[in-house]
Amino acid sequence: MIEILNSARLERARDTGALVGNILHTLKQRSTVGTNLLDIDQWAKEMIAEAGAQSCYVDYAPSFGRGPFGHYICTAVNDGVLHGRPRNYTLADGDLLTLDLAVARGGVAADAAISFLVGKARPAESVAMIETTERALAAGIAAAKPGARIGDLSHAIGTVLSKAGYPINTEFGGHGIGSTMHQDPHVPNMGRPGRGYKLRPGLLLALEPWVMADTATLVTDADGWTLRSATGCRTAHSEHTIAITDDGAEILTLPTQARP
């Protein structure tokens, strides 16, 4: 299903997107050396409830997961990259943490992810990988305008990732979003320009470049959910929900302090 939002629902999407951005910003500030992943999950649960919103994850049970996810945020550390199920793990200095959050409020969902280093250690390779996913996300957003094709966005994202030397996995990528978290169209992180669905004003997309340092192969953790790099290498993931408008792409999931 592909949804096109009217102006009233787009306004609700802006509200939900700001909530997601603000929660992620707060969680990043709280996630320090010594923080447990289960604490992050509890904080997310509390903030979602306080905002009168609903988690898109807690009851989520797709074919690729083992039963309902059962948590409120995805927390992936180091070699974990997608669908990181919170566990009893205490963050250490230099850990590369990815937080991925999707919530719904007012009947519209928003989805975003951030990767960052915990503590004071700044391994150069990890910094470069995070920055590459952020640049790829910016390139995909810049390509998103009415009349463009999904392949244009995928090509823009993939060009940045491949030029930086990262293998690209296309099993999981961006997606449409609206009244539910995951909708068509699929937005792979590499593609051919001029191909695929033509973008229209009112379409919401979650774009999410993610990479693993030296492999394109994923393995599933024993928890049945967390996807890790097959080689144990580090990973990074950046995501925003955007709305296609007459003037181009509007980023919905920026935190309040980052908005123009």
Side-chain angles (χ1 to χ4, degrees), residues 2 13 16-17 20-21 23-25 27-28 56-57 60 62 64-65 69 73-77 80-84 96-104 109-116 129-144 148 150-162 164 166-178 180-191 196-197 199 203-213 216 218 225-229 234-244 249-255:
I2 296 177
T16 308
V20 168
I23 291 176
L24 285 176
H25 177 79
L27 292 175
K28 180 179 179 180
C56 293
Y57 292 159
Y60 188 50
F64 55 79
F69 186 70
I73 190 168
C74 294
T75 57
V77 183
V81 65
L82 298 173
H83 314 150
L96 198 167
L97 175 63
T98 296
L99 301 178
D100 189 349
L101 178 69
V103 305
D111 189 2
I114 54 174
S115 288
F116 56 94
M129 185 162 48
I130 293 168
E131 290 178 347
T132 297
T133 63
E134 292 171 346
R135 287 190 291 107
L137 178 56
I141 292 170
I150 290 295
D152 299 327
L153 282 61
S154 296
H155 179 72
I157 291 168
T159 296
V160 173
L161 300 180
S162 60
Y166 295 108
I168 301 174
N169 177 298
T170 57
E171 294 174 76
F172 297 92
H175 50 89
I177 187 169
T180 57
M181 174 175 58
H182 284 151
Q183 298 182 352
D184 290 331
H186 175 58
V187 189
N189 286 326
M190 68 183 307
Y197 181 79
L199 308 189
L203 175 70
L204 299 189
L205 295 172
L207 304 183
E208 47 182 314
W210 60 275
V211 293
M212 301 178 283
L218 292 163
W225 275 98
T226 305
L227 296 178
R228 301 185 180 278
S229 61
R234 285 195 164 194
T235 69
H237 177 195
S238 295
E239 179 180 15
H240 272 308
T241 295
I242 63 172
I244 307 304
E250 177 184 350
I251 304 174
L252 303 181
T253 46
L254 286 171

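Computed from a predicted model, the values in this text were never measured in an experiment.
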Practice problem: Apply side-chain contact (heavy atoms from CB on, under 4.5 Å) to D152 and L199, showing your working. | Solution: CA-CA 10 Å; D152 299 327; L199 308 189; over 6 Å; no

Exercise. Could you tell me which non-hydrogen atom of H186 sits nearest to which non-hydrogen atom of I150, and how far apart they are?
Key: O-CG2, 3.6 Å

Quiz prompt | Criterion side-chain contact (heavy atoms from CB on, under 4.5 Å) on T241 and T16, from CA distance to verdict | solution = CA-CA 10 Å; T241 295; T16 308; over 6 Å; no

Quiz prompt | From R234 atom CZ to L96 atom CG, the distance as rounded to the nearest 0.5 Å | solution = 5.5 Å

Quiz prompt | From S115 atom OG to L97 atom CG, the distance as rounded to the nearest 0.5 Å | solution = 7.5 Å

Practice problem: Check A109 against L204 and note the closest heavy-atom contact, atom names and distance. | Solution: O-CD1, 4.5 Å

Quiz item: If you round to the nearest 0.5 Å, how far is CG of L207 from CD1 of I157?
Solution: 5.0 Å

Practice problem: Find out whether H175 and E208 are in side-chain contact, i.e. whether some heavy atom of one side chain is under 4.5 Å from a heavy atom of the other. | Solution: yes

Quiz item: Shortest non-hydrogen contact from A144 to I242?
Solution: CB-CD1, 3.7 Å

Quiz item: Quick one: OH on Y57 to CZ on F69, what's the gap to the nearest 0.5 Å?
Solution: 7.5 Å

Practice problem: Report the C-alpha separation of I114 and L27 in whole Å, then their side-chain angles, then the decisive distance to 0.1 Å, and conclude whether the side-chain contact (heavy atoms from CB on, under 4.5 Å) test is met. | Solution: CA-CA 10 Å; I114 54 174; L27 292 175; over 6 Å; no

Exercise. Could you check T132, T133, N189 and say which one makes a side chain to side chain contact (heavy atoms under 4.5 Å, CB included) with V160?
Key: T132

Quiz item: With a 4.5 Å heavy-atom cut-off, do I73 and D100 have their side chains touching?
Solution: no

Quiz item: Is the shortest heavy-atom distance from the side chain of V81 to the side chain of L218 under 4.5 Å?
Solution: yes

Practice problem: Please report the shortest heavy-atom distance between A136 and L161, naming the atom on each side. | Solution: CB-CD2, 3.6 Å

Quiz item: Which distance, rounded to the nearest 0.5 Å, do you find between the CG of L205 and the CD1 of I2?
Solution: 9.0 Å

Quiz item: For the atom pair CG (L24) and CD (E239), what is the distance rounded to the nearest 0.5 Å?
Solution: 9.5 Å

Quiz item: Aromatic rings H83 and W225: how do their planes relate, parallel, tilted or perpendicular, breaks at 30° and 60°?
Solution: perpendicular

Quiz item: Closest heavy-atom contact between N169 and A216?
Solution: ND2-O, 2.8 Å

Quiz item: So which heavy atom on D111 is nearest to which on T253, and how close?
Solution: O-CG2, 4.0 Å

Quiz item: Is there a side-chain contact between V211 and P167 (heavy atoms, below 4.5 Å)?
Solution: no

Exercise. Decide yes or no on side-chain contact (heavy atoms from CB on, under 4.5 Å) for F172 and L227, but give the supporting numbers first.
Key: CA-CA 11 Å; F172 297 92; L227 296 178; 3.5 Å; yes

